[in-house]
**Q** 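Structure below; questions to follow.
A, B, ... follow the sequence lines: proteins, then strands. Residue 1 opens every chain.
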There are 2 protein chains.
Amino acid sequence: MAGRRQGGVTMHDVAAIAGVSIKTVSNVINGYPYIRPETKERVEAAIEQLGYRVNITARNLRQGRTGMIGLAVPELSLPYFAELADSVIRAAEPHGVVVLIEQTNAIRERELEVLTSARRHLTDGLIFSPLALGAEDRERFVVDYPMVLLGERIFHGPADHVTMSNVEAARAATRHLVESGRTRIAVIGAHEGETIGTAALRVQGYRQALEDAGLPFDPALLAEAGAWHRSTGAAAMHRLLDAGTEIDAVFGLNDALALGALRALHARGVAVPEDVAVLGFDDVDDAAYASPPLTSVAPGREQIARTAVELLLARVAGTAEGEPVEVYADFELVVRESTAGVHAPARA
Amino acid sequence: MAGRRQGGVTMHDVAAIAGVSIKTVSNVINGYPYIRPETKERVEAAIEQLGYRVNITARNLRQGRTGMIGLAVPELSLPYFAELADSVIRAAEPHGVVVLIEQTNAIRERELEVLTSARRHLTDGLIFSPLALGAEDRERFVVDYPMVLLGERIFHGPADHVTMSNVEAARAATRHLVESGRTRIAVIGAHEGETIGTAALRVQGYRQALEDAGLPFDPALLAEAGAWHRSTGAAAMHRLLDAGTEIDAVFGLNDALALGALRALHARGVAVPEDVAVLGFDDVDDAAYASPPLTSVAPGREQIARTAVELLLARVAGTAEGEPVEVYADFELVVRESTAGVHAPARA
DNA sequence: TTGTATGCGTTATCAC
DNA sequence: GTGATAACGCATACAA
């Protein structure tokens, strides 16, 4: 018995029972309009009786499409990507498309493998959020299937790209801190020497905002954090405090970092927002429930997901052709308690 | 050009270039040992030259297996399920199996749809964590494909089942609170009138622990929360505080509820753990980074994922037959600051 | 060691 | 309106 699973009942069986040809069964299933009602009923009865379900694999082979798209992200344990995956699945649903999720763990080899895997033949297209590959790998992204890139690793690449205005968003976030009287704003999550990627763009926005306000830029306020997790955010915050650097605000380059910093500040008895304001980026669900609730930049996740799915499916359908497009999703600064109040300048 | 994507190069093309038959190409790809080295080289060269990749859909149709399993969960935005999905994907990987995630949003119709969808033909089996369906739907779970159930909605059902000892775990958690001197322990997330499901089991463990300690059970300490989100946890906590119920500990039936309660306590100026201890369930990543860090029950997520995948694949391969099995994963109480210190009884 | 031929379960192209 | 029949791309029994 260990062989015949999944019913094994085919269109032929249905056709035999209904006393019609296999083509007619197919017609009924696919909603072909010109069928005599009684024929249709007979077929439907047979389908019901046998518990028949179409074999999608066979249909896929025949049609050359699978109704699946791939989504490659670092890992679902990271709330941002879990929420992104949620949004992508929801966005694909109305199109009758399901999502195959692949985790790369931000490992270079795995990201390369995603691009060339035989699985690419199993999906109609790929939404890819690389974290390890970058501009220097540009030619690896030249592929023969529809792809939409997310994030800040590749710009003007060979594929459609959905991203957000990181520089502008970070600038607006920093401006918000400046406007509430903060002058010694630390940044957690910097990647030294990097000129491309999320960190670099957000630091750039931060510096622009300082410049806008006529505030000096102090490198001592930049704290490194390779992986953007809470633990690294907390560690970086501790380092800043240990170094005795004067600080009245912290800009975590993502929420995990900011929440980690929040935790460290709390542990050290630093009051938030009274002594130090904290601001994050991504507006994950957690942000609203931190103590105090975390001010954060909402990157328009739903919009990013929807846009990515639509761009991808348009390429799949062949309705979109030509040059890759670049879409910037809208962002919004969500102000909460962690940056509340007007601060008296550190040095009067 | 909007038609021929994905190369469209087949084994026939490779065979033609290599000057061999399609069978030989197939042999090379599938690692058939008895091939003359020079033949193999020629084939590999042709594959390289044409950029050929096997069409998995065709292979699937031929072999009657897809190398995919389905994972149906409420939603990935809930950290517990995001982390579970992560673990399932990782557990499937060494078996060369990928995971198709479907979200049910805990909606009854969608959970039923998962069971009967044509997509079931696309996966070799299903790992299903229902939240809306229950024991009364037992016969809906009688299906003709391999399935492993997760959670606490169905016991002794028609499919393999991986779960945890909710009663024991809740009992151990409550005992921990009792042992640190707490006597007025509120529970957040109860589902009134429910006798089955996660909430009922955990409340049962809570009551057992009270009984063990000779403490009375006070219904006023049970706070309802339909959906187990932070917002509902916070709301329930506020209701308890508003009601003036005397409380020196809170047991959130999951971490989201506990974190919401933590937030509410903080907002009301109640000190944790000094005035009120807080304890959660699931040990999601957030728990360790709350303020204060949240004591929680770790439900053995990795073990659950691994066991589920292995059970499922054994059924798929036909190496496991016979009656459904029921596996209880190990749990562990992770004690953190939110329950620290020994509390002086509320009433001396 | 390699080639030929058949079928997996659909959909599509024609006839009828 | 409906029915034969040929693909879709691969794996495999059977030959050679």
**Q** With respect to the phosphate group of dT10(C), does any side-chain polar atom (N or O) of Ser26(A) fall under 4.0 Å of OP1 or OP2?
**A** no
**Q** So, does Thr24(A) get its side chain near the phosphate of dG1(D), meaning an N or O under 4.0 Å from OP1 or OP2?
**A** no
**Q** Would you tell me if any nitrogen or oxygen in the side chain of Thr39(B) comes within less than 4.0 Å of OP1 or OP2 on dT2(C)?
**A** yes
**Q** Measure the distance from CG on Asn60(A) to C1' on dC8(C) and round it to the nearest whole Å.
**A** 14 Å
**Q** I'd like to know whether CD of Glu48(B) has more than 12 heavy-atom contacts from other residues, nucleotides or ligands below 6.0 angstrom.
**A** no
**Q** Figure out the CD1/P separation between Ile47(A) and dG9(C), and round it to whole Å.
**A** 16 Å
**Q** Can you see if the side chain of Thr10(B) gets near the phosphate of dG9(D) - specifically, an N or O under 4.0 Å from OP1 or OP2?
**A** no
**Q** Could you say whether Ala58(B) or Arg36(B) is positioned toward the 5' end of DNA chain C, judged by the nucleotide with the nearest heavy atom to each?
**A** Arg36(B)
**Q** For residues Ile101(A) and Ile101(B), report the shortest heavy-atom separation together with the two atoms involved.
**A** CD1-CD1, 3.6 Å
**Q** Kindly say if Arg59(B) contacts the phosphate of dA11(D), meaning a side-chain N or O under 4.0 Å from OP1 or OP2.
**A** yes
**Q** Between Arg110(B) and Glu93(A), does any side-chain N to carboxylate O distance fall below 4.0 Å?
**A** yes
**Q** Can you find a donor-acceptor pair, distance only, under 3.5 Å between Arg62(A) side chain and dT10(C) base?
**A** no
**Q** Which residue lies toward the 5' end of DNA chain C, Val25(B) or Lys23(A), if each is placed at its nearest nucleotide?
**A** Val25(B)
**Q** When all nucleic acid strands are considered with a 4.0 Å heavy-atom cut-off, which category describes His12(B): base, sugar-phosphate, or nothing?
**A** nothing
**Q** Between dA4(D) atom C1' and Met11(A) atom CE, what is the distance in whole Å?
**A** 15 Å
**Q** Quick check: do Tyr328(A) and Thr163(A) have side-chain heavy atoms less than 4.5 Å from each other?
**A** yes
**Q** Can you measure Arg42(B) atom CZ to dT1(C) atom P for me and round it to whole angstrom units?
**A** 15 Å
**Q** Do the charged groups of Arg153(A) and Glu111(A) touch, with an N to O distance under 4.0 Å?
**A** no
**Q** Is Tyr32(B) touching bases, backbone alone, or none of the nucleic acid, heavy atoms closer than 4.0 Å?
**A** base
**Q** Which nucleotide in the set dT11(C), dG3(D), dG9(D) lies at the smallest distance from any side-chain heavy atom of Leu61(B)?
**A** dG9(D)
**Q** Starting at CD of Gln63(A) and ending at P of dA7(D), how long is that distance when rounded to a whole Å?
**A** 18 Å
**Q** For a quick check of understanding: with a heavy-atom distance under 4.0 Å over all strands, which category does Asn30(A) fall into, base, sugar-phosphate or nothing?
**A** sugar-phosphate
**Q** In this structure, how many angstroms lie between the C1' atom of dT12(D) and the CG atom of Asn27(B), rounded?
**A** 9 Å
**Q** Check the distance between dG9(C)'s C1' and Tyr52(A)'s OH and give it to me in whole angstrom.
**A** 7 Å
**Q** Less than 6.0 angstrom from the centroid, inside 45 degrees of the normal: does Lys23(B) satisfy that with respect to the ring of Tyr32(B)?
**A** yes
**Q** Describe the nucleic acid contact of Ile22(A) in one word from base, sugar-phosphate, nothing, applying a heavy-atom distance below 4.0 Å.
**A** base
**Q** Atom CG of Asp13(A) and atom C1' of dC8(C): how far apart are they, to the nearest Å?
**A** 14 Å
